[in-house]
Amino acid sequence: MTANRVNHRIEHCSLVDPELVDRIREAEVTPVPFGAFVHGHGTKLRGYYGDARAARACDHRSFLDAGVTVAGSSDYPAGPLAPLLGIRTMVTRRTAQGDVLGGDRRLSVREALEVYTVGSAHATGESHLKGRIAPGLLADFVVLGDDLFATDPEGIANVPVLSTWLGGRQVWAA
């Protein structure tokens, strides 16, 4: 496989409207909003921006609907590191206080996983090396203790990681 072109990115691409999503798509830029931002900061955002604008925070849904490849990110150490919390938040759009912020912006579990895998590999220009389990790719992956597709979305962040593999080699086990 050949190397991807360098991708221009917008880090902290957290509050967009339809016009900006169109501009990002036309420019072929990769947005990198935070997966768990709504969980950690959603309630505060309502106070800062009002309900309508806050509901669009970290709007992975708008990017996917517009055909834009979007990446997953934690913004660690400013935000929580755990990718499974990010996935759960993208699926539920639930704040730490239990409120739903932008419920119509939810992703499916499959879409959220693709944001963190395929989308993140695209954002770094490494989709020719990783992002999927396929012949010729690095085989970087984790083994989880439960099936995310069969798990109650509220419990996704609590699914145990059993092992981590890089380049097809186990580098960590619970």
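The shown structure was predicted, so the numbers you read here are calculated from the model rather than taken from an experiment.
Note on ring orientation: taking the six-membered ring where Trp is involved, the planes of F34 and H12 are perpendicular (angle over 60°, cut-offs 30° and 60°).
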Side chain to side chain donor-acceptor pair (under 3.5 Å) assessment of R88 paired with H39: CA-CA 9 Å; R88 182 193 76 184; H39 170 83; 3.0 Å; yes
Working for side chain to side chain donor-acceptor pair (under 3.5 Å), residues R105 and S62: CA-CA 7 Å; R105 309 287 78 209; S62 286; 2.8 Å; yes
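I133 and L138 fall into different hydrophobic clusters, where Ile, Leu, Val, Met, Phe, Trp and Tyr side chains are chained together by heavy-atom contacts under 4.5 Å. Residues Y116 and V142 fall within the same hydrophobic cluster, defined by Ile, Leu, Val, Met, Phe, Trp and Tyr side chains chained together at heavy-atom separations under 4.5 Å. Using a 4.5 Å cut-off between side-chain heavy atoms of Ile, Leu, Val, Met, Phe, Trp and Tyr, with links allowed through other members, V115 and I156 fall into the same hydrophobic cluster. Put simply, F63 and V118 are part of two different groups of oily side chains (I, L, V, M, F, W, Y) that touch within less than 4.5 Å, one to the next.
Here the CZ atom belonging to R94 is positioned 4.5 Å from the CD atom belonging to E154, to the nearest 0.5 angstrom. T69 contributes atom OG1, which lies 12.5 Å from atom CD1 of I24 (distance to the nearest 0.5 angstrom).
Within 6.0 Å of CD in Q97 there are more than 12 heavy atoms belonging to other residues, nucleotides or ligands.
Using a 4.0 Å cut-off between charged nitrogen and carboxylate oxygen, R53 and D17 do not count as a salt-bridge pair. Here R25 pairs with D22 in a salt bridge; the nearest charged N to carboxylate O distance falls below 4.0 Å.
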